Amino acid sequence: VQTYASLLRVLIRNKSFAEAVKIRTLMVKSCQIEEDARFVLIVLREMNCGDIRFSIDLRCYNMLLMSLARFMMIDDMKSVYREMLKDNVSPNIYTFNTMINAFCKLGNVREAEVYLSMILQAGLKPDEHTFTSFILGHCRRKDVDSATKVFITMPQRGCQRNVVSYNNLMHGLCEAGRVDEAERLILQMKDDNCSPNVRSYTILIDALCGLGRRLEALSLFKEMKKEGCEPNVHTYTVLIDGTCKDGMLDEAK
RNA sequence: GCUACAACA
């Protein structure tokens, strides 16, 4: 990250702006830890107003917000959002969705709703990412019923549900102990132009194991492979974890 | 085209 920053300064001094944009993108995206994100934030801010002016465009603001979101730096996100308005850069649906998703991750649906109303004020249309984040947010607050409501209204509002919408709701249902409803959803997905992915199966397998329904978990595991869905580390972890807990070591292999 | 989801610890 530091290297990108130095390189960036050189490029700007040489007025190689096309190259600079590329490096800036790499810099913002390469943040591995919170400290990197903080550093990038400082660098971009000083470039945005410094004498060697290299202003932040919409795309860069969005990527910056995403990097901050990765480390749950919600306060910094709020300030960056305010700064972009001051800078006369109009947020687009990506910007709003990034903000909404961050709040929803924290279960702060109230604040997410503020940004939803801003989408409408801006004359934009909330999309499947927007609603899918709200499903997540409600589930994080253990309010599966509100999540279900959002899920139901999506098609009514012209949004196709996608795998993640399903996964989020299934996860919420599982955490509420409503695994049977989640199992119904994974079947329903197929009639809704969605195919379950590794995560869909892993969520269900995990829940079944947690309830001690290991045989069902194992048959789901077989089914996913039959469907051509490759299990990954997470799948094996929940499966091994769940089956070993009760001494079924042989199935675990 | 720059955005979202799962396990253990």
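None of the values given here were measured: they were computed from a predicted structure. Residue numbers start from 1 in every chain, and the chains themselves are labelled A, B, ... in the order their sequence lines are given, proteins ahead of strands.
A chain of hydrophobic side-chain contacts below 4.5 Å, direct or via other Ile, Leu, Val, Met, Phe, Trp or Tyr residues, connects A:Tyr61 to A:Met118.
If you measure from atom CD of A:Glu175 to atom C1' of B:C5, you get 12 Å, rounded to the nearest angstrom. The interatomic distance linking A:Asn162 (CG) with B:C5 (P) rounds to 12 Å, in whole Å. In this structure, CG of A:Asn197 is placed 9 Å from C1' of B:A6, rounded to the nearest angstrom. As a whole-Å value, the separation of A:Phe131 CZ from B:U3 C1' is 15 Å. Between A:Phe134 atom CZ and B:C5 atom C1' the separation is 16 Å, expressed in whole Å. A straight line from NZ of A:Lys105 to P of B:C5 spans 4 Å, rounded to a whole angstrom. For the pair A:Ile93 CD1 and B:C2 P, the computed distance is 17 Å after rounding to whole Å. With rounding to whole Å, A:Asn167 atom CG is found 12 Å from B:A7 atom P.
Base contact: A:His234 has a heavy atom under 4.0 Å from a base atom. Within the nucleic acid shown, A:Asn232 comes within 4.0 Å of at least one base atom, counting heavy atoms only. Among the protein residues, A:Asn62 comes within range of the nucleic acid bases, having at least one heavy atom under 4.0 Å from a base atom. Across all strands shown, A:Asn97 has heavy atoms under 4.0 Å from base atoms, whether or not it also approaches the sugar-phosphate.
In this model, no side-chain donor or acceptor of A:Asn168 finds a partner on the base of B:C5 within 3.5 Å.
In the set B:A4, B:A6, B:C8, the nucleotide with an atom closest to the side chain of A:Thr237 is B:C8. Picking from B:C2, B:A4, B:C5 the nucleotide with the shortest atom distance to the side chain of A:Lys29 gives B:C2. Closest to the A:Val164 side chain, of the nucleotides B:A7, B:A4, B:U3, is B:A4.
The ring of A:Tyr94 lies on top of the base of B:C2, close enough and flat enough: under 5.5 Å between centres, under 30° between planes. The ring of A:His129 lies on top of the base of B:U3, close enough and flat enough: under 5.5 Å between centres, under 30° between planes.
Both the sub-6.0 Å distance and the 45° axial angle are not jointly satisfied by A:Arg157 relative to the ring of A:Phe131.
A:Glu181 has a carboxylate O that lies under 4.0 Å from a charged side-chain N of A:Arg178, or vice versa, which qualifies the two as a salt bridge. Note on A:Glu183 versus A:Arg213: salt bridge recorded, some NZ/NE/NH1/NH2 to OD/OE distance being below 4.0 Å.
In summary, the side chains of A:Asn92 and A:Asn62 do present a donor paired with an acceptor at a separation below 3.5 Å, with no hydrogens or angles considered.
Remark: A:Arg140 is in phosphate contact with B:A6, judged by side-chain N or O atoms under 4.0 Å from OP1 or OP2.
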